[in-house]
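Count residues from 1 along the sequence.
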Amino acid sequence: MKRVIKALICIALVFALVFSLTGCAKVGYIWDMTMKGISDVRSGEWNKTADVTNTDVDSEDDPPVIDEFIAGNYGGIEFGSIDDVVKYYSDAYNKTKAKTAMYKNEDGEVVEMYAFADQKEITITDIKVEGKSNAVLDKLVPQLLGALYKPTIGGLQPCNAREPENDNDEKGESLKTCRVQAEDLVTASVKDNGDGTITISMQPKTVEMSRVGMDAQGRMFTSLNDLGAVVDAVDAFSWASGTTEENCKVKYKGGTAIVTIDTKSGEVVEAHYDMHVYVNIIHASIAVVHDKSMSAVVDYRCDFPCSKEFYDKCNVHPVG
């Protein structure tokens, strides 16, 4: 998923917050500000902020949501530790993501993209203002997200572009090889499927305000980068007290990567990346509304391989 698309997801969250604070009567005003934020995103202004320090929470606050690791032989491969699991996954990831194929893009041009492509689903749910749900907002935010988000394919997560030469992090360094480390994980497990494949499940540790490729969540998923910078791009927005870093909390927690690997080829044949993001904003002010709070949950799921239906939906198709 491209950087602009990730930022647009953030804009949808900002819209939800601003709409919540001002009410239905000012939808046009809110929309104008949201478009201003989108303009800033496209121009790159949203990303001109200081780096954010990512902090993992204690293990007591990071319970496993997958099976715990059990050493053993799975599919003829010996796994003695989580380090072995990560190494095997990394080798399969690198081999799979190294493969490219020719596609016809939306403009009818034939270009080189990742051969093993995904289909994506993004949802924003559990939107609450001052701890309460808003039925109108629950309908508007998915509509806005649907209007802004143009689906397309991508490579194994994390992935900032479907073309390998453009798949880089914010520092311009390639994301074509795996960066996951054993210390990034709450736990990992392995299952022998009895058909020449094994399935590896991994759960990265909780991270606050994740950046792609830079932390436990960002090395596993295409995280949203700095939501606080997008909030700051809305000119009329301010804080009743405190700073953006103090008032805008974006916690990545409980997400999983479930990856099936062919033990003969050593390549990924199926994968499901499911990232969960919990957004909490406090002390927010806009117009005559002062010191309000808002929360929402973002679910970003990437499933491999891509279906024909999704290729049709995004109007991108393999050649041959």
Side-chain angles (χ1 to χ4, degrees), residues 1 64-101 113-122 153-160 162 164 167 174-205 207 210 212-213 215-223 252-276 299-307 310:
M1 189 165 69
V65 299
I66 59 174
D67 292 337
E68 296 274 16
F69 174 75
I70 299 176
N73 188 292
Y74 299 88
I77 302 161
E78 196 69 33
F79 293 94
S81 65
I82 290 180
D83 290 89
D84 293 337
V85 177
V86 171
K87 183 180 184 306
Y88 192 82
Y89 169 71
S90 296
D91 290 343
Y93 179 103
N94 295 344
K95 183 178 290 188
T96 306
K97 207 168 182 181
K99 290 191 171 183
T100 62
M113 303 182 194
Y114 286 115
F116 194 56
D118 69 340
Q119 57 189 54
K120 304 176 177 69
E121 181 180 7
I122 303 167
I153 63 171
L156 289 171
Q157 300 288 290
C159 184
N160 267 335
R162 61 194 185 185
D167 189 15
S174 176
L175 292 166
K176 289 186 288 187
T177 56
C178 184
R179 299 185 185 183
V180 176
Q181 305 167 19
E183 53 266 33
D184 289 339
L185 304 182
V186 174
T187 191
S189 61
V190 186
K191 176 186 176 184
D192 185 348
N193 298 317
D195 60 358
T197 68
I198 61 172
T199 296
I200 289 175
S201 299
M202 295 168 287
Q203 178 186 344
K205 293 177 180 177
V207 168
S210 174
V212 176
D215 51 66
Q217 291 278 331
R219 285 188 281 270
M220 183 68 72
F221 305 123
T222 308
S223 52
Y252 294 71
K253 181 177 181 179
T256 58
I258 300 174
V259 182
T260 300
I261 300 169
D262 185 310
T263 56
K264 185 175 181 179
S265 67
E267 296 179 14
V268 178
V269 294
E270 184 178 339
H272 307 280
Y273 295 87
D274 196 4
M275 181 178 75
H276 301 306
D299 288 314
Y300 175 40
R301 184 180 176 97
C302 295
D303 296 307
F304 296 81
C306 184
S307 68
F310 194 82

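Rounded to the nearest 0.5 angstrom, I200 CD1 and I261 CD1 are separated by 4.0 Å. One distance of note links OG1 of T222 with CE of M275; it measures 7.0 Å at 0.5 Å rounding. One distance of note links NE2 of H276 with OG1 of T256; it measures 6.0 Å at 0.5 Å rounding. Atom CG of D184 and atom CE of M202 lie 10.5 Å apart (nearest 0.5 Å). K253 NZ to S210 OG: the interatomic distance, rounded to the nearest 0.5 Å, is 15.5 Å. Here SG of C178 is found 7.0 Å from CE of M220. Values are rounded to the nearest 0.5 Å.
Taking all atoms of both residues into account, the shortest heavy-atom contact from K176 to Y93 is O-CE2, 3.9 Å. Counting all heavy atoms, side chain and backbone alike, G218 lies closest to S223 at CA-OG, 3.7 Å.
Aromatic rings from F79 and Y88 are positioned such that their centres are separated by under 6.0 Å.
With sequence neighbours excluded, the residues forming a side-chain hydrogen bond (donor to acceptor under 3.5 Å, both in side chains) with D303 are H272, R301, listed by chain and number. Residues meeting the side-chain contact (heavy atoms from CB on, under 4.5 Å) test with I82, sequence neighbours left out: F69, V86, A182, L185, T187, A188.
The main-chain N or O of G80 is found under 3.5 Å from a side-chain atom of D84 such that the two form a donor-acceptor pair. Of the possible polar contacts, none joining the K205 side chain to the D215 backbone as a donor-acceptor pair under 3.5 Å is found. Remark: the backbone N or O of G213 is paired with a side-chain donor or acceptor of R179 at under 3.5 angstrom. Under a 3.5 Å cut-off, the side chain of D195 and the backbone N or O of T197 do form a donor-acceptor pair.
Here the side chains of Y300 and Q157 are in contact, with some heavy-atom distance below 4.5 Å. With a 4.5 Å cut-off on side-chain heavy atoms, F304 and Y273 count as touching.
Looking only at atom types and distance, the side chain of Y114 has a donor-acceptor partner in the side chain of D167 under 3.5 Å away. When only modelled atom types and interatomic distance are considered, E267 and T96 share no side-chain donor-acceptor pair under 3.5 Å. D67 and S201 share no side-chain donor-acceptor pair at under 3.5 Å.
Between D91 and K87 there is a salt bridge, with a side-chain nitrogen of the basic residue lying less than 4.0 Å from a carboxylate oxygen of the acidic one.
A side chain to side chain contact (heavy atoms under 4.5 Å, CB included) with I153 is found for one member of C306, P305, C159 and no other, namely C306.
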